[in-house]
Number of protein chains: 2
Amino acid sequence: MAGGTARSGRRATSADVAREAGVSRSTVSFVLNGTKGQTIPEPTRQRVLEAAARLRYAPSAEARTLSRGRSDVVLLYQPPQLPMTADMGALVEFLAAEFAEAGLTAVTHPWSRKPDGDVLTAITPVAVIAWDLPDDAVTAMRHNGVRAVISLTAESDPVAQWIWGTRENGIARLQVERLLSAGHRRLGYARPHDARLAEASEMRLKALRQACAAHGLPAPVAVSIPGDGEGARPAADAVAAWRELVPAVTGVCAHDDVAALSVLAGLREHGLAAPADLAVIGAGDSPAARLAVPPLTMVAVDMLVTARHLVAAVTSLLDGRPVPAGPEVTQVIERHSV
Amino acid sequence: MAGGTARSGRRATSADVAREAGVSRSTVSFVLNGTKGQTIPEPTRQRVLEAAARLRYAPSAEARTLSRGRSDVVLLYQPPQLPMTADMGALVEFLAAEFAEAGLTAVTHPWSRKPDGDVLTAITPVAVIAWDLPDDAVTAMRHNGVRAVISLTAESDPVAQWIWGTRENGIARLQVERLLSAGHRRLGYARPHDARLAEASEMRLKALRQACAAHGLPAPVAVSIPGDGEGARPAADAVAAWRELVPAVTGVCAHDDVAALSVLAGLREHGLAAPADLAVIGAGDSPAARLAVPPLTMVAVDMLVTARHLVAAVTSLLDGRPVPAGPEVTQVIERHSV
DNA sequence: CTGTTAGCGCCTTCAG
DNA sequence: CTGAAGGCGCTAACAG
């Protein structure tokens with residue numbers, strides 16, 4: 001059954017259904033698409049439906065979009081920059097569900113940095129959501145039938161503005177405020193060692209600086225933390241760097257769960273622990289953060305709400321309406337590392 | 001040059017390119033596709049290429065597949081059963097790259113269990129790789145133009161046989177042997193609490209039983225471990241259950257990294273630690289496993305090799321050749337929890 | 001209300 | 001070696 005090869009017969013077409021039901025192709029099209037403004041007598045309708053079922057008819061996606069001049073595929077252009085996390089997976093799942101609700105089909109394609117074998121040769125999406133797209137790629141897409149392009153790094157993109165202005169700022173603000181409320185006034189930023197995250201890290205740092213300034217705090221001390229490779233040694237060095245400052249850093253904002261875990265590992269190297277010797281607050285959430293020693297206090301991002309906003313943005317763009325204002329999506333999850 | 005022949009609103013078509021270059025549509029098709037058996041004079045070729053570039057021409061994916069009668073999209077039907085992990089993300093990335101090498105375009109779609117809004121209405125893939133597909137869905141796909149369907153839960157599927165026969169068995173065998181070589185003869189299995197993993201867990205348990213039997217060991221004692229939710233309490237109970245047995249379980253095979261992390265958390269509740277009080281070996285790998293206390297000894301699965309095998313399987317099926325034998329993909333990563 | 005007729009953009013014989 | 005013509009499966013005007 002599974003694992004076999006092609007069957008020999010041709011797949012049924014709408015013409016086959018029409019013949020089988022003894023009607024014309026347009027009638028078939030009308031009943032199968034529920035076209036309104038057309039009143040089809042019930043018996044005819046039934047005959048068509050039955051014929052379609054009998055023939056196991058499924059319309060050809062290509063022919064449909066070719067003829068309609070517009071597909072209903074939304075491409076999620078997955079960046080090589082971001083390692084896959086449970087959060088990301090959830091986002092994609094929510095996006096698929098919410099787009100389906102809107103009559104669109106979400107599909108992801110990991111972009112491997114080699115321009116070779118472009119997805120767009122194989123699929124013509126009606127909209128694209130991408131992390132980092134060169135400007136000429138954006139115009140090329142637009143030029144080639146993509147009606148809505150959202151680039152999360154383009155300054156002028158309203159969704160990008162939300163990501164950086166609301167989401168990232170929300171994370172930074174909540175991290176700083178939580179630490180502040182625990183009495184920490186000299187803060188650090190644990191930036192991911194992973195080079196792929198350099199750009200995202202830069203943005204976070206900017207947001208953290210702003211958040212600190214807003215509360216009259218000095219800029220956070222940024223230090224790279226190894227999230228990869230074996231050695232906890234560099235993590236220990238990072239912790240030492242913070243603690244040796246005068247005045248010493250007593251609270252750290254971590255870029256993500258892995259960075260937070262690394263800070264904990266670095267503390268352990270010195271025989272120290274959070275929050276007594278250094279408070280740590282992470283971002284994003286994951287099973288590993290829950291199971292850490294101590295369980296990590298995190299700023300979580302609501303992926304369902306995020307997905308809803310992205311879908312709203314895309315549909316608005318497609319309808320020629322302005323992109324709605326973005327919601328707040330961040331929230332502190334209290335655990336024991338602050 | 002030849003005077004803005006392409007109407008501005010519409011995207012350029014191959015006819016526009018032909019007009020712009022002063023040749024016929026077929027000539028355009030020939031040079032753009034490098035059709036062999038057709039000798040095109042170099043100057044003509046150049047003119048066509050330049051015209052295409054000038055017009056920013058990109059062929060219409062739909063028209064192409066419609067006309068060729070076969071698309072080059074491979075659909076990765078992502079199961080709602082499996083939470084997204086770094087490993088899975090890597091696999092998808094590798095698959096995309098390897099499929100591209102083979103001239104195919106991999107695309108994922110999270111399957112939301114609601115049959116509504118089927119992807120196949122929007123895309124006609126030439127092949128599908130899915131986790132769990134009802135038999136009738138498989139035949140329906142086959143019937144509707146999908147030339148190769150791989151269902152990872154269908155008994156008769158050669159790839160499924162590899163997954164369970166080689167990959168899962170490899171994980172189980174290496175876990176058992178590693179524990180055995182450290183002197184543990186009474187083993188436990190930490191099964192994930194997450195209900196979505198129930199089926200996968202059942203298969204793993206079966207493989208573990210076989211591996212134990214092969215070494216004359218009693219069957220492993222399976223206990224659920226909470227990977228979700230706050231409380232480490234149930235994890236502590238699980239650990240207690242193992243230790244109170246007579247003879248006591250002294251080594252545990254964890255289903256994945258999260259389950260392994262949970263066992264560590266359970267140990268901590270009792271003031272105990274791995275490996276002294278209970279040895280733990282996980283499966284899969286992740287940053288969190290590296291950063292655990294102690295760093296987790298794991299059986300890792302080589303995702304690149306896995307991806308290559310899947311691609312080979314699909315291309316073989318498409319060419320009507322038998323699926324090649326699957327490679328070994330498992331390996332022990334030594335750290336400090338055994 | 002139903003059937004006929006044109007395309008959608010491309011590929012692929014087949015003549016020239 | 002190039003151009004003309006037919007068809008892939010479907011939708012959407014337009015007749016009947």
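Within every chain, numbering begins at 1; the chains are lettered A, B, ... in the order of the sequence lines, protein sequences first and strands thereafter.
A straight line from CD of B:E62 to P of D:dG7 spans 23 Å, rounded to a whole angstrom. Computed from coordinates, the A:R68 CZ to D:dG9 P distance equals 18 Å when rounded to whole Å. B:R25 places its CZ atom 11 Å from the P atom of C:dC11, with the value rounded to the nearest Å. A straight line from CG of A:D16 to P of D:dC10 spans 9 Å, rounded to a whole angstrom. If you take CZ of B:R64 and P of D:dG9, they are 18 Å apart, rounded to a whole angstrom. Residue A:R70 contributes atom CZ, which lies 20 Å from atom C1' of C:dG7 at whole-angstrom precision. Note: CG (B:L66) to P (D:dG9) measures 7 Å, nearest angstrom. Atom-to-atom, CZ of B:F30 to P of D:dC1 comes out at 12 Å; the value is rounded to the nearest Å.
For the pair A:S24 and C:dG3, the criterion of a side-chain N or O lying under 4.0 Å from OP1 or OP2 is met. Using a 4.0 Å cut-off, no side-chain N or O of A:T65 falls inside it from OP1 or OP2 of D:dC10. Residue A:S26 places no side-chain N or O under 4.0 Å from the OP1 or OP2 atom of D:dA12. The phosphate of D:dG9 has neither OP1 nor OP2 within less than 4.0 Å of any side-chain N or O from A:S14. In terms of phosphate contacts, A:T27 brings a side-chain nitrogen or oxygen within less than 4.0 Å of OP1 or OP2 of C:dG3.
Side-chain contact of B:T105 with B:D72: a donor-acceptor pair under 3.5 Å is absent, judged by distance alone.
Counting non-hydrogen atoms under 4.0 angstrom, B:S60 reaches the backbone sugars and phosphates but no base.
By the 4.5 Å heavy-atom criterion applied to side chains, A:V149 and A:L133 are counted as neighbours.
The side chain of B:P59 lies closest to C:dC10 when the candidates are D:dC10, C:dC10, D:dT11. Distance from the side chain of B:V23 is smallest to D:dG3 among D:dG3, C:dC10, D:dC1.
The CD1 atom of A:I129 lies 11.5 Å from the OG1 atom of A:T108; values are rounded to the nearest 0.5 Å.
Side-chain N or O atoms of B:D157 include one that pairs as donor or acceptor with a backbone N or O of B:S151 at under 3.5 Å.
Remark on DNA chain D: of its neighbouring residues B:G22 and A:S67, the 5'-side contact belongs to B:G22, judged by nearest-heavy-atom nucleotide.
By the 30° and 60° cut-offs, the orientation of the rings of A:W164 relative to A:W131 is perpendicular.
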